[in-house]
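Comments concern the structure below.
What you see is a predicted model, and the numbers here were worked out from it, not measured in a lab. Here is how names work: the chains are called A, B, and so on, in the same order as the sequence lines, proteins then strands, and each is numbered from 1.
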Amino acid sequence: MREIPSAYDPKATEEKWYKFWESGKYFHAQPDPGRKPYTIVIPPPNVTGILHMGHALNNTVQDILIRWRKMQGWNAEWLPGTDHAGIATQNVVEKKLAKEGIKRQDLGRDEFIRRVWKWREEYGSTIISQMKRLGCSCDWDRTRFTMDEGLSNAVNEVFIRLYEKGLIYRGNYIINWCPRCQTALSDEEAQHKDLNGSLYYIKYPVKGRNRHITVATTRPETMLGDVAVAVNPSDPRFKDLVGETLILPLAGREIKVIADSFVDMEFGTGAVKVTPAHDPNDFDMGKRHNLEPIVVMQPDGTMSRNTGDFAGMDRFEAREAILEDLKEMKLLEKVDAHAHSVGHCYRCHTVVEPYLSEQWFVRMKPLAKAGIEAAKSGRIKFHPDRWTKVYLDWMENIRDWCISRQIWWGHRIPVYYCIKCRKASEGKKGIIVSRVKPAKCPDCGGTDIVQDEDVLDTWFSSWLWPFSTFGWPEKTKDLSYFYPTSTLATAQEIIFFWVARMIMSGYEFMGDAPFKDIYIHGTVRDETGAKMSKSLGNSIDPVEIIDEYGTDALRFSLISITAGGQDVFLSKEKFELGRNFANKIWNASRFVLMNIEGGADQDIDLASADLSLADKWILSRLNRAVDSVTGSLEEFRFNEAANTAYEFFWHEFCDWYVELVKPEMTKDEFKGTQRKKIVQAILTHCIDNALKVLHPFMPFVTEEIWQNLPHEGGSIMASSWPKCDKGLFDDGAEQEMSLAIGIISVIRNIRAEFNIQPQKLCKASIAAGSGKSRDAITKSAEYIKGLARLESLDISDKLVRPKASSVAVFGDCEICVPLEGLVDLESEKRKMMLKIGELSKYTGSIEAKLRNKNFTDRAPREVVDNEKSKLAEANISLGKLKENLKRLET
RNA sequence: GGGCGAUUGGCUCAGUUGGUUAGAGCGCCACAUUCACAUUGUGGAGGUCAAAGGUUCGAAUCCUUUAUCGCCCACCA
């Protein structure tokens, strides 16, 4: 027999099997009308990404689903790919260029984009190779990139269709502007953080009168762009001032006091400075009162030319300078501490500026309708369900989506402008929305045509992912077969960014939801609860864990501690759980392999074979485990599934069955017997089924062992998922084994208590309280002798108690272990009394329950009957205990 | 300001529609290394399930309130 190492070595197996699967095309799926598809599209990681624990969890979940469904016979397709991640990638490449002292403007747009593509070629597959180390069974033949030609066509197509439908428009609005990235952001991309800021009270003198109005603001630097001061029309404090002229300090401009019911009289002073170019509410107010916005900031966050002495200063520098000046002029009344929430760029965490600029938007309300209906009707289902509400709240209050970005890396907006027409008129004229650059203007025939400089939000390509990746807008076979996909697995953070938008685009362009089930898993956090991220430096690198503990350990640990979409709190030690389990699987399998003599006898039919109690028991437990794991997976209860498999394998199969059959496997007297063949068949059957059930969680170790077992087919991943055979459920065997296990534990307990060395055999006698128990004990006598290390076991109806012995009661059985010279009468009594106390408390509580007429009348009969039988059982034990105590006393 | 989640043995967490004497992993204590596995085995200690009310025959589980922590959403300057 080949030597098998006594510890599982992940390094020796992982690469080997991954290559085997990949080259064997095990991950690939083709449309097959005869089979049902099970499709998952991956949440495409950023092409700049490196694998973090969030990815590890996310991809493990998907891989479990894919491998499981594939084994169940579905035509499983997991489509992978990466996202071009506009801002993030541009940032990375710009940083790299900066090291060479180059700015992107030095290169020009075309050259810069060429460099980004080059960067992508060099580094863009890092995350993909890391996902391979994770064991992901992605169909790499279908790998997509959001900037691929096909996907780019889809983006253009969608833009044009929505534009023609009137759902895309261009306009001047307040958007979130990141002065560092120098681009517009969508509302979702501005992350609000609560900051401890200040509320500044500034006096604005009233022209021609010896008084002033005090306004309160958190951003004094924007005052240079004020065009009015607004008060509530019903505010008596300011009634006489509405319509008056104020002198805007520092600027010296004259502005009016206006009345607008937006103003909250309770807040601040009740008077608000109106800065339409730098605040969304002020923008609306400005519109209502026909006030021209004044832009006082430049795209890089410095003050613009029209701010006098402050021109060129950074916005925060300008804030300080302005406050200094106001103080000097005695116009700064006071400063209050003020906690408020401030938007930050989700990519670079710079404070974003509400900023007036011309951008492209998607009108979302009409698109949201079908998606809302889908969640309400159950066409799409969130797991856990609580996310439905979060999703619906957002969808029902959806706002238009700012999709233009002032960067270079991305899908350029398919809009062209005829310079001549644009000059001639304002508005829509001269805008040509087209798949390709038009040769001439359809209106004036002019050839001076330029494309819009902006690119589209990255999410404008990812929201099409479930169908663009299968060839849309072409009507491909892939698309009609694999769409709609089955399950989406993702994190809570991108429900709005991505999930909701995919649902909307799915309905709009495919007429159906892109997936049925949405599994939202938790966020991976460190021990202190902080989200794991590279920038915080608190992340545990999955690749490091793989190197140290193995992929299977990483996967199993991660899954078993992820309950019901709760956040996962990680520390390195938690991976020991998976490592130890992988090793346990390895060694138990090693035992089986060493004892099946090259293969179980194929002629053994377990259904008709003469099975022992242990055999029946383990087959029953195995089938229950299979049933339970399958059920848990169907409900997306991954941790439950993993833990059930763990519990069965380790604490039933290894701890009991393997131990019970060891004599039959190793003793010469069983050599060549039918009995031995049966046990070999059962061991093989159990290992085979357990490996299959564990395979989605731990693909490598299960494949490695499975290949060494007698098997059909090329890979465990192409084998079929165990089917629960309910005919093998055996309540009788389970009860009998529980009794045997209980008795063994009791004897082991006594042995431990009296410090009897394992190698020393002892005697025991058991008095069975009933014929049923007696039969069970007789059947399991060899088990008890073996695992409780007994030289002899007497079974009787009545206990014959040798003088010096320890007696314990389990159920209706009395177990007596003679221990000459070791037993102390007093401590035996104490032990007995303690047990009697515990049991009496227990029986007392049941008796009280049964005495309660309300309970016996109202509770279901089975519950009452169950209580009665529990009481009867406990009373039998109690009786035996009391008898024994009495005996001790005489 | 609204919403969501969490609060269970020393630590980290399970606990499906209310019905077991509340479980696991780690840690701890004792014992064990010719035995597939010390990445192990055997035995053990340890919890009135955050608090207070309520519903119910019966509550860790459902309802209300409170406290603490965390997250998300929101245009009050």
Side-chain angles (χ1 to χ4, degrees), chain A residues 4 6-8 174 192 199 215-219 222 230 262-264 266-269 271-275 279-284 338 340-341 354 384 386-387 389-390 393-394 397 492-493 495-496 522-523 525 527 529 531 549 553 557 560-561 563-567 569-571 573-574 576-577 579-595 631-632 635 637 639-640 643 646-647 651 654-655 658-659 662 666 745 748-753 755-759 787 838-839 841-842 845-846 849 852-860 862-864 866-867 870 874:
Chain A
I4 306 171
S6 67
Y8 172 57
I174 299 277
H192 289 267
L199 190 58
V215 299
T217 180
T218 53
R219 293 187 300 148
T222 63
F262 163 78
V263 180
D264 178 358
E266 305 293 313
F267 189 88
T269 59
V272 191
K273 62 195 267 311
V274 181
T275 322
D279 183 281
N281 296 311
D282 294 8
F283 179 79
D284 293 341
H338 182 63
H340 60 145
S341 118
R386 62 187 137 94
W387 296 110
K389 191 172 169 327
V390 175
D393 283 350
W394 187 78
N397 298 295
Q492 166 264 121
E493 288 95 336
I495 291 178
F496 307 145
T523 304
R525 300 176 185 282
E527 295 155 282
K531 187 175 159 180
Y549 297 88
S557 303
S560 75
I561 59 176
Q566 288 300 347
D567 287 354
F569 295 83
L570 265 192
S571 61
E573 304 80 65
K574 294 198 173 164
E576 287 172 9
L577 169 78
R579 181 201 57 182
N580 295 353
F581 186 41
N583 196 54
K584 190 71 184 182
I585 296 169
W586 180 258
N587 277 300
S589 306
R590 197 160 71 108
F591 172 82
V592 172
L593 285 169
M594 286 182 335
N595 285 289
S632 296
E635 292 167 52
R637 306 170 76 89
N639 68 318
E640 199 178 79
N643 294 335
Y646 176 96
E647 179 66 24
H651 297 305
C654 293
D655 287 356
V658 168
E659 294 304 326
K662 261 183 186 170
T666 53
S745 300
R748 281 172 169 174
N749 186 335
I750 292 172
R751 293 182 59 116
E753 195 184 335
N755 226 331
I756 298 164
Q757 296 298 298
Q759 57 270 31
L787 297 194
E838 276 171 22
L839 253 190
K841 227 170 104 185
Y842 176 53
S845 76
I846 302 178
K849 212 183 245 188
N852 184 345
K853 252 205 157 0
N854 281 325
F855 173 70
T856 48
D857 288 352
R858 298 194 199 185
E862 1 171 292
V863 174
V864 178
N866 190 28
E867 291 297 320
K870 277 189 328 199

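A straight line from CH2 of A:Trp586 to C1' of B:rC37 spans 12 Å, rounded to a whole angstrom. Taking atom CH2 on A:Trp387 and atom P on B:rC73, their separation rounds to 10 Å, with Å as the unit. Here B:rA77 presents its P atom at 10 Å from CZ of A:Arg219, a figure rounded to the nearest Å. Rounded to a whole Å, the CZ atom of A:Phe496 is 11 Å from the C1' atom of B:rC4. Taking atom CG of A:Asn281 as the reference point, atom P of B:rC75 lies 8 Å away to the nearest angstrom. To the nearest angstrom, P of B:rG27 lies 7 Å from CD of A:Glu576. We find that CZ of A:Phe569 is positioned 9 Å from P of B:rC71, with the value rounded to whole Å. When the P atom of B:rC75 is taken as reference, atom CZ of A:Phe267 falls 15 Å away, rounded to whole Å.
Using bins of under 30°, 30° to 60° and over 60° for the plane-to-plane angle, the ring pair A:Tyr646/A:His651 lands in the perpendicular bin.
On the C1' atoms, B:rG23 is 28 Å away from B:rA36, given to the nearest whole Å. Comparing the P positions of B:rC29 and B:rA22 gives a spacing of 27 Å, expressed to the nearest Å. On the C1' atoms, B:rG15 is 37 Å away from B:rC35, given to the nearest whole Å. For the C1' atoms, the distance from B:rA59 to B:rG53 is 14 Å, rounded to whole Å. Atom P of B:rA60 sits at a distance of 13 Å from the matching atom of B:rA52, rounded to the whole Å. To the nearest whole angstrom, the two C1' atoms, one in B:rG9 and one in B:rA50, are 15 Å apart. B:rC11 and B:rU16 have their C1' atoms separated by 27 Å, given to the nearest Å. If you take atom C1' in B:rU8 and the same atom in B:rC13, they sit 9 Å apart, rounded to whole Å.
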Could you walk me through whether A:Val272 and A:Phe267 satisfy the side chain to side chain contact (heavy atoms under 4.5 Å, CB included) test, starting with their C-alpha distance in whole Å, then the side-chain angles of each, then the deciding distance to 0.1 Å, before giving a yes or no? CA-CA 9 Å; A:Val272 191; A:Phe267 189 88; over 6 Å; no
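Note that OH of A:Tyr549 and CG of A:Asn580 are 9.5 Å apart. Values are rounded to the nearest 0.5 Å.
A close approach under 4.0 Å does not occur between any side-chain nitrogen or oxygen of A:His651 and OP1 or OP2 of B:rU42. Look at A:Asn749 and you'll find a side-chain N or O under 4.0 angstrom from OP1 or OP2 of B:rG44. Contact annotation: A:Lys389 side-chain N/O to B:rC72 OP1/OP2 distance is not under 4.0 Å. Between A:His338 and B:rA77 there is a side-chain polar atom (N or O) within less than 4.0 angstrom of OP1 or OP2.
Residue A:Ala752 places its side chain closer to B:rG43 than to any other of B:rG43, B:rU39, B:rA36. Comparing B:rA74, B:rU42, B:rA36 against the side chain of A:Ser341 picks out B:rA74 as the nearest. Checking B:rC4, B:rA77, B:rA36 against every side-chain atom of A:Thr218, the shortest atom distance belongs to B:rA77. Side-chain proximity of A:Arg590 to the nucleotides B:rC31, B:rU40, B:rC37 is greatest for B:rC37.
Surrounding CD of A:Glu862 are at most 12 heavy atoms belonging to other residues, nucleotides or ligands under 6.0 Å away.
Between the side chain of A:Glu659 and the base of B:rA36, at least one donor-acceptor pair of N or O atoms lies under 3.5 Å.
Residue order along RNA chain B, read from the 5' end via each residue's closest nucleotide, puts A:Leu577 first among A:Leu577 and A:Asn580. Mapping A:Trp394 and A:Val272 onto RNA chain B by nearest heavy atom places A:Trp394 closer to the 5' end of the strand.
With A:Asn397 contributing its side chain and A:Asp393 its backbone, the two residues share a donor-acceptor pair below 3.5 Å.
A cation-pi arrangement is present between A:Lys662 and A:Phe591 under the rule of less than 6.0 angstrom and at most 45 degrees off the ring axis.
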Within the sub-3.5 Å range, which N or O atoms of nucleotides 14-22 of chain B have a protein N or O partner, and how far apart are they?
from: B:rU16; atom 1: O4'; to: A:Arg637; atom 2: NH2; distance (Å): 3.4
from: B:rU20; atom 1: O3'; to: A:Lys870; atom 2: NZ; distance (Å): 2.9
from: B:rU21; atom 1: OP1; to: A:Tyr842; atom 2: OH; distance (Å): 2.6
from: B:rU21; atom 1: OP2; to: A:Lys870; atom 2: NZ; distance (Å): 3.3

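Across all strands, A:Lys662 comes closer than 4.0 Å to base atoms (heavy-atom distances). Here A:Val263 lies in heavy-atom contact (under 4.0 Å) with a base. Among the heavy atoms of the strands, none lies under 4.0 Å from A:Glu753. Among the protein residues, A:Asn852 comes within range of the sugar-phosphate backbone only, with heavy atoms under 4.0 Å from sugar or phosphate atoms but none that close to a base. As judged by a 4.0 angstrom heavy-atom cut-off over every strand, A:Arg386 is placed among residues touching the sugar-phosphate backbone only.
Here A:Glu838 does not pair with A:Lys841 in a salt bridge; the nearest charged N to carboxylate O distance is not below 4.0 Å.
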